[in-house]
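Please read these numbers as outputs of a predicted model, since none were measured by experiment.
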Amino acid sequence: MSDEQVASPTNRRRISQRGLATRERILEAANRLMFVRGVNATTLDDIREASQTSKSQLYHHFADKQELVRALVKYRGALVLQRERGGLERLRSFSGLVRWRNALVQANSLNNGRYGCGLGSMAVELSDQDEQARSTLLETFAAWEKLISDGLHRMRDSGALRQDADPEKLATGLMAALQGGYLLANAAHNVAPMEVALDMALDHIRSYLSEPSGEPTR
């Protein structure tokens, strides 16, 4: 039986618990490799070797690299949003924003700023190559940005932010600073540019606090 036959839609729909574990293992391996090497520089053979799966197993779950990458965009997006919910779903103070900022900088410092944001790096590679992947990435970024804006809305509703603060615009600015910071930190192999970008965005939000905050940005 050929790989193409193994990969038929009917066969790929019949996934057992063991098959689900194999699929997860493939995605985990693809996520690790593509985070470090990038999407285009990672081959299916690389992923098969890292996940210890056969060609027939891989093609049973993913018809080709494009299908695997599209699944990975959703997989990585879910991981990022799960992480961000932990830091943002209860956000209601400027000190909470500072803690969120510190956690992201600390995590990125473990790689000396290399590799950038897992979603941002995929957006750079895929946005002009795969419209479906681009659309999924856009939805994920929108969900991430909404977590920030929802927290800023809670701050405004509680009186921590002035009423003239625009949570959506502030969230967009903070997200742009974060992604730009990831990019510059990757180029420099140093988290310092990321720290500067985030601190400037937070200082802008600080200017909308109802009362001047004595809390340091860091």
Side-chain angles (χ1 to χ4, degrees), residues 24 27-28 31-32 34-36 72-124 136-162 165-186 188 190-218:
E24 184 79 4
L27 285 171
E28 287 176 353
N31 191 39
R32 290 194 307 272
M34 291 183 178
F35 178 68
V36 174
L72 179 59
V73 168
K74 294 180 180 179
Y75 176 85
R76 186 177 290 180
L79 291 177
V80 169
L81 290 178
Q82 181 181 36
R83 179 197 71 200
E84 292 302 287
R85 289 187 187 102
L88 294 171
E89 276 192 332
R90 297 182 181 180
L91 175 67
R92 54 186 69 247
S93 68
F94 187 78
S95 60
L97 274 176
V98 173
R99 288 193 295 272
W100 171 78
R101 171 263 189 216
N102 290 345
L104 290 175
V105 169
Q106 182 178 22
N108 202 29
S109 70
L110 298 177
N111 296 318
N112 294 321
R114 290 177 294 183
Y115 314 129
C117 170
L119 291 179
S121 60
M122 293 187 88
V124 170
T136 302
L137 285 163
L138 179 63
E139 291 173 3
T140 306
F141 276 118
W144 189 352
E145 192 172 311
K146 187 174 186 301
L147 287 171
I148 299 172
S149 66
D150 284 350
L152 295 173
H153 270 289
R154 288 190 291 272
M155 290 174 64
R156 192 178 66 176
D157 292 345
S158 70
L161 281 179
R162 299 199 315 261
D166 186 324
E168 280 73 28
K169 287 184 178 180
L170 291 174
T172 298
L174 185 52
M175 178 61 76
L178 174 60
Q179 292 303 318
Y182 269 125
L183 178 63
L184 293 176
N186 184 21
N190 189 315
V191 296
M194 179 183 183
E195 292 182 290
V196 171
L198 285 174
D199 289 348
M200 292 188 72
L202 288 185
D203 282 345
H204 182 60
I205 294 173
R206 189 204 300 267
S207 71
Y208 285 94
L209 293 179
S210 297
E211 296 181 4
S213 171
E215 301 169 278
T217 302
R218 297 188 181 190

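Pairing each heavy atom of Tyr115 with each of Asn186, the nearest pair is N-OD1, 2.9 Å.
Taking 4.5 Å as the limit, some side-chain heavy atom of Glu84 sits within range of a side-chain heavy atom of Leu104. Here the side chains of Leu152 and Leu174 are not in contact, with every heavy-atom distance at 4.5 Å or above. With a 4.5 Å cut-off on side-chain heavy atoms, Asp166 and Tyr208 do not count as touching.
Atom CZ of Arg90 is surrounded by 12 or fewer heavy atoms from other residues, nucleotides or ligands within 6.0 Å.
A donor-acceptor pair under 3.5 Å links the side-chain atoms of Arg162 to the main chain of Ser207, judged by distance alone. Without hydrogens or angle criteria, Ser210 side chain to Gly159 main chain gives a donor-acceptor distance under 3.5 Å. A distance-only check finds no donor-acceptor pair linking the side chain of Arg92 to the backbone of Ser158 [under 3.5 Å].
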Working for salt bridge (charged side-chain N to carboxylate O under 4.0 Å, His left out), residues Asp157 and Arg154: CA-CA 5 Å; Asp157 292 345; Arg154 288 190 291 272; over 6 Å; no

Stepwise side chain to side chain contact (heavy atoms under 4.5 Å, CB included) test for Leu209 and Leu161: CA-CA 4 Å; Leu209 293 179; Leu161 281 179; 3.9 Å; yes

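Using a 30° and 60° split on the angle between ring planes, Trp144 and Phe141 fall in the parallel class, below 30°.
Checked against Leu198 for a side-chain contact (heavy atoms from CB on, under 4.5 Å), the options Met200, Met194, Glu195 give a single hit: Met194.
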